[in-house]
Amino acid sequence: MKKFQLLTGILMLFTSAISFGQNARIQVIHNSPDAAANMVDIYLNSTLLLDDFTFRTASPFIDAPAGTQFTIGVAPANSTMSSQAIVTVPLTLTAGETYVAIANGIVSPSGYSPATAFSLDVYNMGRETANIAGNTDVLVFHGSTDAPTVDVVESTAGNVVNNASYGDFAGYLELPTADYTLNVQDQNNTTTVAAYQAPLSTLGLTDNALVVVASGFLNPAVNSNGPAFGLWVALAAGGALIPLPTTSGLGVDENNLIQLQLYPNPAQNTLKVSGSSFDDASFIITDIAGKVILTGKTKEGDIDVSNLTAGRYFVSVPNAQTASFVKK
C-alpha cells in the first residue's frame with residue numbers, strides 16, 4: 001500500500017509543479033546517525049516522498065513545488081500518514097534554484113553526547129553537474145555531531161576547507177578530476193583527525209557534482225555504539241553513500257591501509273575478495289561514471305556479480321583501497 005501511495009504522491013507532486021510552472025530541484029540526504037532514525041519515511045506535506053529511507057542514503061534530485069511553504073515530515077519507517085511524523089520542518093523553495101537538504105542530528109532523548117537536536121540543513125546553491133567541463137565539483141558538509149571545528153587540507157593544494165563547524169556547508173570546490181588525499185585537521189592544523197583518499201579520477205567522476213558528508217561519531221562509545229566517523233559521498237543520481245577509504249589518521253600509519261585484491265578478474269558470476277577481514281564486509285560497487293550499481297555484504301568473501309552487465313566496475317570497502325574489476 002505504501003509503495004502505491006509513494007508513486008501516486010510523486011505523480012501528484014510533479015503534476016502540481018508542472019501545472020503552476022513553479023519548479024525547484026532538491027536532493028535529500030539521510031545523515032542522522034541516531035539508531036531511532038536509521039530508517040524513516042519522508043513526507044512532503046501529506047505526500048509520502050521517500051519510503052523506508054535509510055541512513056547514509058541520498059535521493060536523486062527531483063522536482064519540488066516552489067514559491068509556497070510546505071512541510072517536510074520525518075516519520076518512522078512503518079508510518080501510514082504524515083501526522084505520524086516525529087520531526088517537521090517548514091521549507092519554502094525558490095523557482096529555478098537547486099537545493100541539497102541533509103537530515104542530521106539526534107531524535108532520541110538519551111544515549112548520545114552531545115545530543116544535538118535533529119535538523120534539516122539546506123543549501124540553496126546545489127549542483128547536479130560540474131560548472132566547468134573536465135572538473136568534479138565537491139560540496140563539503142560537516143555532519144558529525146561530536147566532531148570539532150575542522151579544516152580539510154589536501155596533500156598538495158593546502159587548505160581547501162577552513163573552520164567548518166557542525167552544520168556548515170563549505171561551498172563547492174571546483175576541482176580538476178584527479179585522485180586526492182584529504183586530511184581532516186583541527187582548526188589550528190595541529191592535529192589530524194583522519195585522512196582519506198578521494199579517488200575522483202579512479203571512480204570516473206569527471207563532469208560530476210557531488211556532496212562529501214562528514215558522518216558518524218568520533219566517539220561511538222558515548223553515542224550508543226553508533227556508526228564511526230568517516231567521509232561519505234552522495235552522488236547526484238542518489239543511492240547509497242560511498243565511503244572514502246581511510247589512508248591514515250587517528251594514529252594509523254597509511255602503510256597499514258588494507259590492499260583490496262579481487263579475483264577472478266575478469267569475473268563472470270562470483271567475485272572473490274581476498275583476506276579473512278572481508279568475510280562479512282560491507283561493499284559498494286560503482287560503475288565508471290561513479291553511479292552506485294550494487295551494495296551489500298560479502299558472503300565468506302564472495303560477491304555475486306551475475307546480474308551485472310559487462311563492463312568495468314570499482315569495489316569500495318571501508319578502511320581498504322578501492323579496486324577495479326571487469327565483468328565478462
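These numbers come from a predicted model, not from an experiment.
Distance check: Ser82 OG to Leu48 CG gives 9.5 Å after rounding to the nearest 0.5 Å. Rounding to the nearest 0.5 Å gives a distance of 12.5 Å between CG of Asn135 and CG of Leu205. Here the CZ atom belonging to Phe283 is positioned 11.0 Å from the NZ atom belonging to Lys297, to the nearest 0.5 angstrom.
Every pair passing salt bridge (charged side-chain N to carboxylate O under 4.0 Å, His left out) that includes a residue from residues 131-157 is listed here, sequence neighbours excluded: Arg127-Asp137. Residues in residues 79-102 take part in no ring pair (Phe, Tyr, Trp, His ring centres under 6.0 Å) pair, two or more places apart or across chains.
With hydrogens and angles left out, the side-chain atoms of Thr47 and Asn45 include no donor and acceptor closer than 3.5 Å. Residues Glu174 and Asn131 bring a donor and an acceptor atom of their side chains to less than 3.5 Å of each other. Counting only N and O atoms by type, the side chains of Thr145 and Thr116 include no donor and acceptor under 3.5 Å apart. Of the N and O atoms on the side chains of Ser108 and Asp34, at least one donor lies less than 3.5 Å from an acceptor on the other residue. With hydrogens and angles left out, the side-chain atoms of Thr129 and Asp207 include no donor and acceptor closer than 3.5 Å.
Two residues are said to be in side-chain contact when any heavy atoms from C-beta on lie closer than 4.5 Å; Arg56 and Ser215 meet this criterion. In this structure, Ile86 and Phe118 have side chains that are not in contact, with every pair of non-hydrogen atoms separated by 4.5 Å or more. Counting only heavy atoms from C-beta outward, the side chains of Leu271 and Asp302 never approach each other to under 4.5 Å. Counting heavy atoms from C-beta outward, Leu308 and Ile293 have side chains that approach closer than 4.5 Å. Side-chain atoms of Ile303 and Ile285, non-hydrogen and from C-beta on, do get closer than 4.5 Å to each other.
The backbone N or O of Gly111 sits less than 3.5 Å from a side-chain atom of Ser224, completing a donor-acceptor pair. Side-chain atoms of Lys272 never come within 3.5 Å of backbone atoms of Leu262 as a donor-acceptor pair (strictly under, hydrogens ignored). The backbone N or O of Asn104 sits nowhere less than 3.5 Å from a side-chain atom of Asn31 that would complete a donor-acceptor pair. In this structure a side-chain-to-backbone donor-acceptor pair under 3.5 Å is present from Asn265 to Val326. For Tyr43 (side chain) and Thr71 (main-chain N/O), no donor-acceptor pair under 3.5 Å exists by modelled atom type. Of the possible donor and acceptor atoms, one in the side chain of Ser79 sits under 3.5 Å from a partner among the backbone N and O of Pro76. For the pair Gln27 (side chain) and Leu235 (backbone), a donor-acceptor distance under 3.5 Å is present. A donor-acceptor pair under 3.5 Å links the side-chain atoms of Ser144 to the main chain of Gly216, judged by distance alone. A donor-acceptor pair under 3.5 Å is absent between the side-chain atoms of Thr57 and the main chain of Ala240, judged by distance alone. With hydrogens and angles disregarded, no donor-acceptor distance shorter than 3.5 Å links the side chain of His142 to the backbone of Val213.
When each of Asn183, Val184, Thr181, Val152 is checked for a side-chain contact (heavy atoms from CB on, under 4.5 Å) with Tyr196, only Val184 meets the rule. For the side-chain contact (heavy atoms from CB on, under 4.5 Å) criterion with Leu173, the lone passing option out of Val212, Val140, Thr136 is Val140.
Closest heavy-atom contact between Phe61 and Val100: CZ-CG2, 4.0 Å. Counting all heavy atoms, side chain and backbone alike, Thr206 lies closest to Gly134 at CG2-CA, 3.7 Å. In this structure, Leu44 and Pro65 approach most closely via the heavy-atom pair CD1-CD, 4.3 Å. Annotation for Tyr172 and Ala209: closest pair CE2-CB, 4.5 Å, computed over non-hydrogen atoms. Closest heavy-atom contact between Ser113 and Asn223: N-OD1, 3.0 Å. Residues Ala37 and Val107 share a closest heavy-atom pair of CB-CG2, 4.3 Å.
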In residues 87-95, what donor-acceptor pairs under 3.5 Å come from side-chain atoms, sequence neighbours left out?
none

> Does the side-chain hydrogen bond (donor to acceptor under 3.5 Å, both in side chains) test come out yes or no for Asp179 and Thr202, once each step is laid out?
Replying inline: CA-CA 7 Å; Asp179 292 343; Thr202 298; 2.6 Å; yes
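Relative ring orientation between Phe169 and Tyr123 is described as tilted, the plane-to-plane angle lying within the 30° to 60° band. Ring pair His30/Phe55 is perpendicular by interplanar angle, where above 60° counts as perpendicular and below 30° as parallel.
For Glu300, the CD atom sits in a loose shell: 12 or fewer heavy atoms of surrounding residues, nucleotides or ligands are nearer than 6.0 Å.
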